[in-house]
Amino acid sequence: MTSLSRSEADLRTPPTQPSGAWMVVAGQELHDIWLSARGPVIVLAFSLLLSLLTYLAAANKELNILDQKDTVNLIMQITLGIGVAVALLFSADTISGERERETFESLLLTPAPRRQIALGKFLAAVSVWPVIMIVAIPYVWALKLGSGLFADAVAAGFVAGTLLTIAFASIGIIVSIFSNSNRLSLATSFFVFVVLLAPTQLPLSGWFGDFIINVNPVTAGSTFLDRVIVKDQGWGEASNLLIAPILAALIASSVAFVIAGRLRLQAGIDR
Amino acid sequence: MRPTGEHGGAAAGTIESAAAQTVLKVDRISKSFGPTTAVRDLSFEVSPGEIMGLLGPNGAGKTTAIRVLSTILPPTSGSFTLSGTPYTQPREVRRQIGVLPESAGYPLQLSGEEFLRYHARLFGHTARAAREVAASLLSEVGLTERASSLISTYSRGMRQRLGVARALVNAPRVIFLDEPTLGLDPAGQRQILGLVRDVAGERGTAIILSTHFLDEVEETCSRVIILNRGEVIAEGSVAEIKRRAAPRTARAHVPPELHERALSALKQASGVSSVDSSDNQRGWLTATFDSAWLDEHREAGMNSVIRSLTDADVPVLSFELEGGRLSDAFLLLTEGR
């Protein structure tokens with residue numbers, strides 16, 4: 001071990017007003033996600049799934065029981081579902097995961113504002129969505145739709161997916177802030193997602209069905225895609241279905257922003 | 001460290017000088033969790049370059065005290081300032097402190113160098129400065145050769161040294177080390193303690209060292225606070241604390257055939273209130289001193305035992321004092337509470 005002169009030590013004194021901690025945290029989290037196995041493995045698995053679907057839909061005419069619009073809709077729905085689910089699980093791991101790995105205290109001991117820590121982690125978690133979306137684009141293109149429908153499908157998928165990713169990643173952060181156990185955080189977040197996803201698989205009809213479709217951000221986003229891609233509705237006509245995803249994104253991110261200011265070493269109590 | 005209460009009778013100039021030298025001033029800090037008080041009325045001051053030991057049995061409140069003073073937990077009552085910065089400005093306080101938490105985890109997928117760079121950036125260093133700080137600190141803690149190795153491949157001792165380096169990324173005025181040598185082998189303990197002394201001596205950084213290992217405190221710390229069940233039960237220099245457990249008994253080993261003569265001589269020795277010869281091993285005698293007499297004859301007290309035996313022509317084969325060590329003081333102060 002070498003000794004350190006006083007002047008060297010003085011040089012180490014950081015600036016009095018550090019800024020941009022959220023960028024530092026986001027950069028580190030992005031490094032963890034994309035330069036470790038987690039992110040690339042998920043993207044690889046997702047691209048393999050889309051390859052299989054596209055192959056079945058476009059190449060094997062005998063097994064192709066959906067027309068091209070339905071196939072594109074299916075691919076966009078899967079893209080949206082997987083992108084949102086992965087962002088949710090990544091965000092649910094952020095705080096509770098650090099607590100479980102006992103790395104959170106060191107992070108809280110820095111002068112980085114709590115909200116910036118949460119923001120950095122949130123941005124890294126949602127980074128999975130654009131990557132998933134970009135991976136999906138060539139598959140939609142491969143189905144050789146007319147250029148107008150291709151653009152509409154990609155744009156609708158991107159808008160709905162972005163809103164839902166923001167909403168669910170915020171929910172994941174909120175749950176993670178209140179969880180000491182990573183398992184609890186991941187299970188609770190995934191349960192919320194499954195509960196909201198379930199109605200998309202149900203035959204919803206009548207006023208109650210319409211109510212659920214419009215109120216539940218997942219069914220609203222899914223139906224929005226269906227109307228734009230399959231039923232050829234214009235954005236203006238289907239835009240009312242974006243209200244729930246927009247509200248969900250706004251409310252969840254606002255709540256996450258507020259409670260992130262009170263990040264604690266352990267959830268719920270000053271311990 | 002100076003106990004806060006000692007300033008009362010000092011001259012004004014001395015007070016000003018002491019205030020200028022005080023880097024951490026803690027004033028009656030308490031922390032409660034519901035009905036449980038983890039720390040009660042903790043007060044002390046620390047000067048630059050001073051190493052203060054924070055001792056106490058498990059559950060004494062050491063970790064809670066450190067978490068309050070490092071702004072992880074808000075105090076229930078009381079206050080503290082760090083170089084004049086009040087605890088109500090936690091970000092400013094955190095800028096000036098370094099902490100090695102008791103249960104410090106490490107991102108195992110990062111290298112030691114990446115870990116230090118990350119924390120240096122969080123303290124506001126530019127990317128370039130963070131690289132320089134990381135390289136310098138890795139050298140200081142003897143990890144340069146393993147700088148690019150993943151932390152998952154580090155031994156516990158190396159991780160603790162990395163933790164000390166992390167606590168230094170912001171050139172702190174005060175460092176809190178919570179059980180830094182726990183789980184280390186003797187060589188690892190020695191390395192960490194050497195590092196602690198270097199940091200205090202060469203940088204002038206005040207260090208609060210929480211530990212269970214009393215030998216470490218005797219070896220490293222100039223002052224000590226002993227906590228028990230959240231309360232300060234003793235504070236002062238190591239010598240002052242040790243004096244509280246001054247030896248009250250002495251054991252002498254004499255030839256078994258001279259056992260009776262030795263027993264008789266000891267009973268007549270100055271200050272000896274009783275002699276116990278019930279030891280299973282014949283030849284061992286335990287003399288207990290009268291407390292009042294011992295307080296008056298502290299320096300010469302123990303000599304009376306040896307003198308009485310030699311005057312009676314009883315050779316002393318072995319002689320032991322019981323008490324007088326920091327561990328004796330610690331047990332004396334914390335037992336039965």
Side-chain angles (χ1 to χ4, degrees), chain A residues 1-38 97-117 120 261-266 268-271, chain B residues 31 33-34 64 67 70-74 76 90-95 97-101 103-110 114 118-126 129-130 132-133 136-137 139-144 161 163 166-171 191 194-195 198-199 201-205:
Chain A
M1 293 181 214
T2 59
S3 61
L4 182 85
S5 72
R6 196 63 206 273
S7 57
E8 280 179 284
D10 290 342
L11 284 174
R12 286 185 188 163
T13 307
T16 52
Q17 289 298 325
S19 58
W22 64 272
M23 282 191 286
V24 177
V25 175
Q28 186 60 51
E29 294 289 323
L30 287 168
H31 175 282
D32 289 350
I33 290 174
W34 296 109
L35 295 183
S36 71
R38 273 197 303 170
E98 294 253 17
R99 285 191 181 115
E100 203 161 273
R101 294 184 287 274
E102 297 185 320
T103 51
F104 198 44
E105 189 166 3
S106 293
L107 199 54
L108 293 181
L109 285 165
T110 69
R114 297 339 194 198
R115 285 197 178 99
Q116 290 202 29
I117 291 173
R262 294 177 52 79
L263 274 181
R264 295 282 180 265
L265 182 58
Q266 289 191 23
I269 47 173
D270 279 337
R271 261 192 116 91
Chain B
K31 179 65 187 175
F33 301 108
T64 300
R67 283 183 174 161
S70 58
T71 74
I72 290 289
L73 296 174
T76 306
R91 285 180 59 199
E92 294 305 316
V93 170
R94 288 199 289 274
R95 264 187 240 288
I97 62 169
V99 185
L100 175 61
S103 51
Y106 298 89
L108 303 180
Q109 76 284 6
L110 295 186
E114 288 171 332
Y118 176 44
H119 280 273
R121 295 292 314 277
L122 288 172
F123 274 95
H125 284 292
T126 62
E132 290 170 2
V133 166
S136 168
L137 286 171
S139 164
E140 192 174 353
V141 300
L143 287 173
T144 300
R161 279 188 276 150
R166 193 218 68 85
L168 292 170
V169 291
N170 54 326
Q191 277 186 323
L195 190 57
D198 286 349
V199 168
E202 294 173 16
R203 293 169 173 245
T205 306

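All values below were derived from every heavy atom in this structure, side-chain atoms included, with hydrogens, water molecules and symmetry-related copies excluded. Note that the structure is predicted; figures quoted are calculated from it, not measured. Throughout, a chain's letter reflects where its sequence line sits, starting with A, and its residues are numbered from 1.
For the pair B:Ile72/B:Pro101, no side-chain contact is recorded, criterion being any heavy-atom separation below 4.5 Å from C-beta on. Within the 4.5 Å cutoff, the side chain of B:Arg121 has no heavy atoms near those of the A:Gln28 side chain. B:Phe123 has its side chain out of reach of B:Val133: every pair of non-hydrogen atoms, C-beta onward, lies at least 4.5 Å apart. Annotation: side chain of A:Leu265 is not in contact with side chain of B:Leu73 (no heavy-atom distance under 4.5 Å).
In terms of heavy-atom pairs under 4.5 Å with chain B, the best-connected choice from A:Thr110, A:Asp32, A:Val25, A:Leu108 is A:Thr110. For the set B:Gly163, B:Gly34, B:Ser103, the count of heavy-atom pairs under 4.5 angstrom toward chain A peaks at B:Ser103. Among the candidates B:Leu110, B:Thr71, B:Val93, the residue making the largest number of heavy-atom pairs closer than 4.5 Å to chain A is B:Leu110.
Between the side chain of B:Arg94 and the main chain of A:Ala112, no donor-acceptor pair closer than 3.5 Å is present.
Contacts of A:Ser36 with chain B are absent, with no heavy-atom separation under 4.5 Å from either backbone or side chain. In this structure, the portions of B:Tyr118 lying under 4.5 Å from any heavy atom of chain A include both its backbone and its side chain. Proximity to chain A is absent for every atom of B:Leu100, based on heavy atoms less than 4.5 angstrom apart.
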